[in-house]
Amino acid sequence: MGEVRTRFAPSPTGYMHIGNLRTALYAYLIAKSNDGKFILRIEDTDQDRYVEGAIDVIYNTLKIVGIEHDEGPDIGGDYGPYIQSERKEIYQKYIKELIDKGDAYYCFCSKERLENLRQESKNKKIPFRYDGHCRNLTKAEVEEKLAAGEKYVIRQKVPQTGTTTFKDEVFGKITVENSSLDDSILIKSDGMPTYNFANVVDDHLMAITHVVRGSEYLSSTPKYNLLYKAFGWEIPIYVHLPLILREDGKKLSKREGDASFEDLYRKGFLKEAIINYIALLGWSPGTEQELFTLDELIENFSIDGLSKSPAIFDMEKLRWMNGEYIRKLSLDEFKEVATPYFKKPIKKRDVDYDVLSRLLHTRTEVLSEIPEQLDFVDELPDYDIELYTHKRMKTNPENALIHLKEAYKVLEELEDWSFDSIHDSLMDLVKKLGVKNGQVLWPVRVALSGKQYTPGGAIELAELLGKEETLKRIKIGIEKLSSR
RNA sequence: GCCCCCAUGGUCAAGCGGUUAAGAUGCCGCCCUCUCACGGCGGUGACAGGGGUUCGAAUCCCCUUGGGGGUACCA
């Protein structure tokens, strides 16, 4: 075979959901793992669904995740135009050919008539199919109606007998009765082609070798096959992908905000994690490896690793994987991506972002959850003194009060306010008192944060808050415990 | 309703006629430890059901059930 060429052909809806992105990814991987070309084509034949700026969403998303196309509307190529609405004449030319060959025909049926037909079928509980009303109009009849300016669409003339078989790389051989296929519309009354026609013409003209798309197209593929045959064109390799479902087992939808790439990205999921995760939704490398860069995916990807059954999008696992990617970041890199999230909860106090980064980088799974971990920094929350009771530490309000007072004295004396000096002074105190670390450190941590759980311990929080604030908060703790 | 497809733990999944049925995630426990997290160790949990084929089926065939997709002048 010659050069492998795949395409990603989204319709510009202004929204890139995870399933679409994954389709793009797989199409890209199939191309790149074969040293082939990846093409971007915009399927905007539905003029009613035009959304302003939607194409930019597609460009931006692909750019962010690093899926680069070799040909497309923005960069051109030898097979353009790459926007279907600009290819109208091309379809006109090919539909003529089909009509001449007798594989397509003019249909003058009104929408009302079709609606009645549909209703009738429904009442009779039989499957709706176009009744072929215009299928056998004579040439003269067609000419006459055309001359009279009657509105028309052009339908595919599907054989009424026999079967059609096609082979899909993941689903295998699929055979259907031609009698179950409808004479679907190829050209709409506005002159635009439907997907049913445009995808075949474009994939052929653009020399696409592997047609990669969601499995929702599986059931119409026989009709496309018939079209390829009618034209005498080579049938491409079909790669239909299992769908991605929501946790409740339903298809991903736009209403489910979390399902779009943009939303996840904005929520603080790293692009590498998103790509890695969706790559594994429906594909397995056949090895134990789970973490892949884009390049590693290219290296390891193979069509036989694709599975047939739909996969449920599991937010928990994405979270875990995102955590993995965050932990792989260097401290500086983490600081870079986390800084916007540091700024949100911390407005009053001047804290060292390096220290914050150190505290949070193993404690962050999703960036957007950073603020809630730092809600005690600006302002000490009001807390219950029962927080001072910890069974395993053997702390309670009584001994906490004593140890807090001791800690205060020691820290007050400290000249150099660094992690090490705070550490040493507090540990000396522990030693002097002859108690366990937790006896002193737990109460201090509680006094500093007012929280049950904090990122980091007493020493780290003291370092973060600075001497003045640390002493102030310990004092508050002492007062709380004293006035009990 | 009709057509097509799918079916291994909650989830992602390996398996492609002979395995103690991997691994990951989640959950639980233990260790580390000043809390939490990270890290380490261990545990829980699956071949949807029924018929065949075969010396032998998670693997092949059929039926049932369940799920998904399609059934548009949407893609």
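Throughout, a chain's letter reflects where its sequence line sits, starting with A, and its residues are numbered from 1. What you see is a predicted model, and the numbers here were worked out from it, not measured in a lab.
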(Q) Rounding to an integer number of angstrom, what distance separates B/rC16 and B/rA21 when you compare their C1' atoms? (A) 14 Å
Q: For A/G282, report the nucleic acid contact type (base, sugar-phosphate, nothing); a contact means any heavy atom under 4.0 Å.
A: sugar-phosphate
(Q) Restricting to non-hydrogen atoms, name the atom on A/T395 and the atom on A/G438 that form the minimum distance, rounded to 0.1 Å. (A) CG2-O, 3.8 Å
Q: With heavy atoms under 4.0 Å as the rule, sort A/E288 into base, sugar-phosphate or nothing.
A: base
Q) Have A/Y388 and A/N399 got a donor and an acceptor in their side chains that come within less than 3.5 Å? A) no
**Q.** Between B/rC38 and B/rG45 - P atom distance, rounded Å
**A.** 24 Å
(Q) Is it the case that atom NZ in A/K328 sees more than 12 heavy atoms from other parts of the structure closer than 6.0 Å? (A) yes
Q.
Over all strands shown, is A/R118 touching base, sugar-phosphate only, or nothing at heavy-atom distances under 4.0 angstrom?
A. sugar-phosphate
Q) Mind checking who B/rC41 pairs with, Watson-Crick or G-U wobble, both distances under 3.5 Å? A) B/rG29
(Q) Under 4.0 Å, counting only non-hydrogen atoms across every strand here, what does A/R358 touch: a base, just sugar-phosphate, or nothing? (A) nothing
Q) Can you tell me how far P in B/rU19 sits from the matching atom in B/rC30, rounded to whole Å? A) 37 Å
Q: Examine the base of B/rA37 for any acceptor or donor lying under 3.5 Å from a partner atom in the side chain of A/T362, and report the outcome as yes or no.
A: yes
Q.
Roughly how many Å apart are B/rA24 and B/rA46, using the C1' atom of each and rounding to a whole number?
A. 15 Å
(Q) Is there a side-chain contact between A/W320 and the phosphate of B/rU25, meaning an N or O under 4.0 Å from OP1 or OP2? (A) yes
**Q.** Atom P, compared across B/rC6 and B/rC62: separation rounded to whole Å
**A.** 11 Å
Q. OP1, OP2 of B/rC34 versus side-chain N and O of A/R392: anything below 4.0 Å?
A. no
Q: Please work out if A/A311 contacts a base, only the sugar-phosphate, or nothing of the nucleic acid, heavy-atom cut-off 4.0 Å.
A: sugar-phosphate
Q.
Would A/K480 pass as a cation-pi partner of A/Y383, given that its NZ or CZ must be under 6.0 Å from the six-membered ring centre and within 45 degrees of the axis?
A. yes
Q: Identify the nucleotide, in any strand shown, that forms a Watson-Crick or G-U wobble pair with B/rC2, with both distances under 3.5 Å; if there is none, say none.
A: B/rG70
Q.
Suppose you measure atom C1' in B/rG17 against the same atom in B/rC60; what distance do you get, rounded to whole Å?
A. 8 Å
Q: Check every strand shown and say whether A/G286 touches a base, only sugar-phosphate, or nothing at a heavy-atom separation below 4.0 Å.
A: nothing
Q.
Measuring from the side chain of A/E316 (C-beta onward, heavy atoms only), which nucleotide among B/rA75, B/rC34, B/rG26 has the closest atom?
A. B/rG26
Q: Find the distance A/R445:CZ to B/rC34:P and express it as a whole number of Å.
A: 12 Å
Q) Does A/R87 reach the main-chain N or O of A/Y82 with its side chain, forming a donor-acceptor pair under 3.5 Å? A) no
Q: Please state the P separation for the pair B/rA22 and B/rG9 - nearest whole angstrom.
A: 14 Å
Q: Would you indicate what A/S189 reaches in the nucleic acid, counting non-hydrogen atoms under 4.0 angstrom: base, sugar-phosphate, or nothing?
A: base
Q: Would you indicate what A/M393 reaches in the nucleic acid, counting non-hydrogen atoms under 4.0 angstrom: base, sugar-phosphate, or nothing?
A: sugar-phosphate
Q. Is it true that the NZ or CZ of A/K451 lies under 6.0 Å from the centre of A/F376's six-membered ring and within 45 degrees of the ring axis?
A. no
Set out, line by line, the N/O atom pairs under 3.5 Å between protein and nucleotides 2-9 of chain B.
unit_1: B/rC6; atom_1: OP1; unit_2: A/K308; atom_2: NZ; d: 3.4

Q) What interatomic distance, in whole Å, is found between P of B/rU44 and the corresponding atom of B/rU35? A) 28 Å
Q: Step by step, work out the ring pair (Phe, Tyr, Trp, His ring centres under 6.0 Å) result for A/F269 and A/Y325.
A: CA-CA 9 Å; A/F269 286 92; A/Y325 275 89; over 10 Å; no
Q: Please confirm whether any donor atom in the side chain of A/Y453 sits under 3.5 Å from an acceptor in the base of B/rA37, or the reverse.
A: no
Q: Using atom CG of A/L411 as one end and atom C1' of B/rC34 as the other, report the distance to the nearest whole Å.
A: 14 Å
Q) Under the criterion ring pair (Phe, Tyr, Trp, His ring centres under 6.0 Å), which of A/F166, A/Y195, A/Y224, A/Y238 is the partner of A/Y217? A) A/Y195
(Q) For a quick check of understanding: with a heavy-atom distance under 4.0 Å over all strands, which category does A/T454 fall into, base, sugar-phosphate or nothing? (A) base
Q) Side chains of A/D420 and A/S418: is there a donor and an acceptor less than 3.5 Å apart? A) no
Going by atom type alone, with no hydrogens or angles, which donor-acceptor pairs under 3.5 Å involve a side-chain atom of residues 424-433 of chain A and a protein atom two or more places apart or on another chain?
unit_1: A/S425; atom_1: OG; unit_2: A/S421; atom_2: O; d: 3.2
unit_1: A/S425; atom_1: OG; unit_2: A/I422; atom_2: O; d: 3.0

Q. Among the nucleotides B/rG68, B/rC34, B/rC38, which one has an atom lying closest to any side-chain atom of A/W442?
A. B/rC34
Q. Partner of B/rU35 by Watson-Crick or G-U wobble geometry, both contacts under 3.5 Å, or none?
A. none
Q) Does OP1 or OP2 of B/rC74 have a side-chain N or O of A/K188 closer than 4.0 Å? A) yes
Q) What is the nucleic acid contact for A/S307, judged by heavy atoms within less than 4.0 Å: base, sugar-phosphate only, or nothing? A) sugar-phosphate
Q. Heavy atoms under 4.0 Å, any strand shown: does A/K451 hit a base, just sugar-phosphate, or nothing?
A. nothing
Q. Base, sugar-phosphate alone, or nothing: which one does A/R213 contact when heavy atoms must sit under 4.0 Å apart?
A. nothing
Q. If you look at every strand shown and take non-hydrogen atoms under 4.0 Å, does A/Y277 touch a base, only sugar-phosphate, or nothing?
A. nothing
Q.
So A/T45, base contact, sugar-phosphate only, or nothing? Heavy-atom distance under 4.0 Å.
A. sugar-phosphate
Q. Considering only side-chain heavy atoms of A/K317, which listed nucleotide, B/rA75, B/rC12, B/rC38, is closest?
A. B/rC12
